[in-house]
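Just the heavy atoms: all of them, side chains too, but no hydrogens, waters or symmetry mates, feed the values below.
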There are 2 protein chains.
Amino acid sequence: MSVHEHSHERDELTRNQGLVLDTLDDAKGPLSAYSILDRLRGEGFRAPLQVYRALDKLMEFGLVHRLESLNAFVACRQDECGAHGTIAFAICEKCGMVAEFTNDEVAHLLEDWARSEKFELAKTTIELRGLCEACTA
Amino acid sequence: MSVHEHSHERDELTRNQGLVLDTLDDAKGPLSAYSILDRLRGEGFRAPLQVYRALDKLMEFGLVHRLESLNAFVACRQDECGAHGTIAFAICEKCGMVAEFTNDEVAHLLEDWARSEKFELAKTTIELRGLCEACTA
DNA sequence: TGCCATACGTTATAGCATAACACAATTGAT
DNA sequence: ATCAATTGTGTTATGCTATAACGTATGGCA
Ligand SMILES: [Zn+2]
Ligand SMILES: [Zn+2]
Ligand SMILES: [Zn+2]
Ligand SMILES: [Zn+2]
């Protein structure tokens, strides 16, 4: 169990949601929906939809994030994640490590751009690809 | 033909690359690889790889960008796109419009973060989802 | 001419995501 | 307690996205 000071506590989740979240919590890096499925076959999972439906809810609750550039998912590793509208990820292309961080200044600059263009901003995706410190050495 | 003050001129491209770029230039919004394929069947395209290989080169030349959150591709609509390492996109979820823009301040803030974490940054993805001005009215 | 690098064509396969239907469990009135 | 509405579930089938692995063709250049 990792830090989840989110609105939804662990025991408000359904069985499937809990299993999927546990799987992501236990994983060192991001997992695809299908690899989550494979890890949960022992628990009775049979079909991708069981995973996708749980993931949809977990993302809605802010407990899980989707990495667009990877078609994969990670458990949220941050407190107060929801307090900042915009989250960013750094993804190591060698070892798969993912760092989640926020930068309010970046968020504000993008919000300013949106305001100036009258673009009604719903969601912001920021993903940095590269090599983590361990992998550059 | 749109503005392409890039290193690779239109006539340095191979036939397949040219056809794919023309298709993206003509499109109003982003296109998936498969919809590009469908539009080029009349030109003799038969297989996804013909499209993906052309797209890979066009992205390498900076003439085309991939929208990660859409699994789709757009022709670059900016001069001097390559001069700024980091490009951002705003994508209207209703009409599909895509605006490409740069913001050096945002780019620098993210580079600063990477430097402070000793993360060797290779590529930055910034995608804003929401509603364009026309679609909010 | 022979070599190398790049592009191309084709078939097959792998990986990601959702539609549609039926059924069960939960909630929250009346 | 009963009913209706909502939410979660299981299952099958399907569609969309991307690449592997093979062979061939072409063009520049020693
Ligand atoms: Zn988070
Ligand atoms: Zn690494
Ligand atoms: Zn561009
Ligand atoms: Zn719009």
Of B/R53 and B/A72, the one whose closest DNA chain D nucleotide lies more 5'
B/A72

To the nearest angstrom, how far is A/N16 atom CG from D/dT11 atom P?
11 Å

Given C/dT10, C/dA20, D/dG8, the nucleotide with the shortest approach to the side chain of A/Q17
D/dG8

Do the side chain of B/R77 and the main chain of B/F101 share a donor and acceptor less than 3.5 angstrom apart?
no

Considering just the side-chain nitrogens and oxygens of B/Q50, establish if one lies under 4.0 Å of OP1 or OP2 belonging to C/dC8.
no

With a 4.0 Å cut-off on N to O distance, would you call B/R53 and B/D56 a salt bridge?
no

So which one's nearest nucleotide on DNA chain C is more toward 5', A/S32 or B/P48?
B/P48

For A/R46 and C/dA22, give me the distance from atom CZ to atom C1', rounded to whole Å.
17 Å

Let me know the distance between CG of B/N71 and P of C/dA14, rounded to the nearest Å.
20 Å

Taking only side-chain nitrogens and oxygens of B/R66, does any of them come within less than 4.0 Å of OP1 or OP2 of D/dA18?
yes

Atom CG of B/L37 and atom C1' of C/dG9: how far apart are they, to the nearest Å?
13 Å

Electrostatic pair A/R129-A/E127, nearest N-O below 4.0 angstrom:
no

OP1 or OP2 of C/dC8 sitting under 4.0 Å from any side-chain N/O of B/T14?
yes

Any donor-acceptor pair under 3.5 Å joining the side chain of A/R15 to the base of D/dG8?
no

Does the ring of A/Y34 lie flat against the base of C/dC16, closer than 5.5 Å centre to centre with planes under 30°?
yes

Nearest-Å distance for atom pair OH/P, residues B/Y52 and C/dA7
19 Å

What is the distance, to the nearest angstrom, from the CG atom on B/L49 to the P atom on D/dT24?
18 Å

Whole angstroms only, please: what is the CG-P distance between B/L31 and D/dT17?
11 Å

Any B/V106 side-chain heavy atom under 4.5 Å of A/W113 side chain:
no

Given atom CD of A/E12 and atom C1' of D/dT7, what is their separation to the nearest angstrom?
15 Å

Give one of base, sugar-phosphate or nothing for A/A47, where a contact means two heavy atoms less than 4.0 Å apart.
base

Check: B/E43 side chain, B/L40 main-chain N or O, donor-acceptor pair, under 3.5 Å
no

